[in-house]
Visitor: 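Here you go, one structure.
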Amino acid sequence: MPLTIATWNINSVRLRIDTVARFVAEAQPDVLCLQETKTIDETFPAEAIEAMGYPYRMIHGMKGYNGVAILSRVPISDITTNSWCDRQDCRHGTVRLAVGGTAVELHNLYIPAGGDIPDPVANEKFAHKLRFLDEITAWFAEAKRRERPMILVGDLNIAPLEHDVWSHKQLLGVVSHTPVEVDRLAQLQASAGFVDAVRHFVPADQKLYSWWSYRAKDWNAVDRGRRLDHIWVTPELVGDLGGATIHRPVRGWERASDHVPVVVRLGA
DNA sequence: ATGGTGGTTAGACCA
């Protein structure tokens, strides 16, 4: 029986709880993974999300910044969180759930954005982004991590392919699409043989975005987007992939997040 | 080359 998993950088779950409800009513994902929840766990709107039909949850937040959550209609277990680069900054939460009877580890990640200057010497935020990628890549590469199938979702803050950005040439020097980041992301992907579940369905020569800046006058007309939000699966799950959708119209909703939900269906 | 918008939270900081 099919399972749909959504990932969405919500940019404040408290401010946009009604937007979450609207998306849930429309897309009915079984599992909803959020980033940038921007709240401590005590003030996470858990009751509202339960009322939407999500009784199971992993929440891992802090005051004002970052924060990840996994909200599920299906039971989850083995809830864990990880911190990287010696910071308790709430960017990684993991749960176990069943996909077609098989136990799968689901990782929800919010990778650091990296600041404006793509130079780790001049810009500590960019150095942090690269270090974060190196640490999680080494961790995912450990053999014991690869004993069971995995799904990795989140705002990875990197658009890896030429057509994951509106202009490859103009963004080669812009944080999120620089060769050094793209190379690091490829290493992370290779660490456990992850397959890009969205590009599995959309050819690499088609433009595909999940984020549009707030600063554009008319995001839809200008369409200078980037694909920063991803869903990856390990090879055992590739045969179960049933479809992928990037919910672009959500960007046009009232008081939208700058990211839209990305959804993958697993199972017939 | 610059500044453009938004969220958190009360002056910056982050995206």
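A note on names: the letters A, B, ... follow the listed sequences, proteins ahead of strands, and every chain is numbered from 1. As the structure is a prediction and not an experimental result, all values here were calculated from the model.
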Visitor: Looking only at non-hydrogen atoms, find the nearest pair between P235(A) and A192(A) and report the distance.
Guide: CD-O, 4.0 Å

Visitor: Please determine, by modelled atom types, if S176(A) and E181(A) share a side-chain donor-acceptor pair under 3.5 angstrom.
Guide: no

Visitor: Please give me the minimum heavy-atom distance between R14(A) and P45(A), naming the atom from each residue.
Guide: CG-CD, 4.0 Å

Visitor: What's the CG-P distance between D116(A) and dG3(B), to the nearest Å?
Guide: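 To the nearest whole Å, that distance equals 13 Å.
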
Visitor: Roughly how many Å apart are dA1(B) and dC14(B), using the P atom of each and rounding to a whole number?
Guide: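 dC14(B) and dA1(B) have their P atoms separated by 25 Å.
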
Visitor: Calculate the interatomic distance between H128(A) atom NE2 and dA15(B) atom C1'; express it in whole Å.
Guide: 14 Å

Visitor: Starting from C1' on dA15(B), measure out to CE on M62(A) and report it in whole angstrom.
Guide: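 Taking CE of M62(A) and C1' of dA15(B), I get 14 Å after rounding.
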
Visitor: Could you tell me whether R199(A) and D164(A) make a salt bridge, using a distance below 4.0 angstrom between a side-chain N and a carboxylate O?
Guide: yes

Visitor: dA15(B) P sits how many Å from N123(A) CG, rounded?
Guide: 10 Å

Visitor: Using atom CG of N66(A) as one end and atom C1' of dT8(B) as the other, report the distance to the nearest whole Å.
Guide: 12 Å

Visitor: What is the distance, to the nearest angstrom, from the CG atom on D258(A) to the P atom on dG7(B)?
Guide: 9 Å

Visitor: Would you jot down, in residue-number order, the residues of residues 209-232 of chain A having a non-hydrogen atom under 4.0 Å from DNA chain B?
Guide: Y214(A), R215(A)

Visitor: Can you see which heavy atom on T178(A) is nearest to which on G173(A), and at what distance?
Guide: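 Minimum heavy-atom contact is CG2-C, 4.0 Å.
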
Visitor: Could you work out which one of dA15(B), dG7(B), dA10(B) sits closest to the side chain of K125(A)?
Guide: dA15(B)

Visitor: More 5' along DNA chain B: Y110(A) or R255(A), using each one's nearest nucleotide?
Guide: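 Residue closer to the 5' terminus by nearest nucleotide: R255(A).
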
Visitor: Over how many whole Å does the gap from H259(A) atom NE2 to dC14(B) atom P extend?
Guide: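 Checked: the NE2 to P distance equals 16 Å.
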
Visitor: Just checking, is any N or O donor in the side chain of D89(A) or W84(A) under 3.5 Å from an acceptor N or O on the other one?
Guide: no

Visitor: L156(A) has an atom CG; how far is it from atom C1' of dA15(B), in whole Å?
Guide: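 For the pair L156(A) CG and dA15(B) C1', the rounded distance is 16 Å.
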
Visitor: Where along residues 8-20 of chain A does a heavy atom fall under 4.0 Å from DNA chain B?
Guide: N11(A), S12(A), R14(A), L15(A), R16(A)

Visitor: Is R226(A) positioned over the aromatic face of Y209(A), cation under 6.0 angstrom from the ring centre and no more than 45 degrees off axis?
Guide: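 Not satisfied by the 6.0 Å and 45° rule.
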
Visitor: Using purine N1 to pyrimidine N3 plus N6-O4 or O6-N4 for Watson-Crick, or N1-O2 and O6-N3 for G-U wobble, each under 3.5 Å, what pairs with dT2(B)?
Guide: none

Visitor: Any side-chain donor-acceptor pair under 3.5 Å between H107(A) and T94(A)?
Guide: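 There is such a pair between these side chains.
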
Visitor: Could you please spell out the steps behind the side chain to side chain contact (heavy atoms under 4.5 Å, CB included) verdict for H200(A) and V238(A)?
Guide: CA-CA 9 Å; H200(A) 184 76; V238(A) 171; 3.7 Å; yes

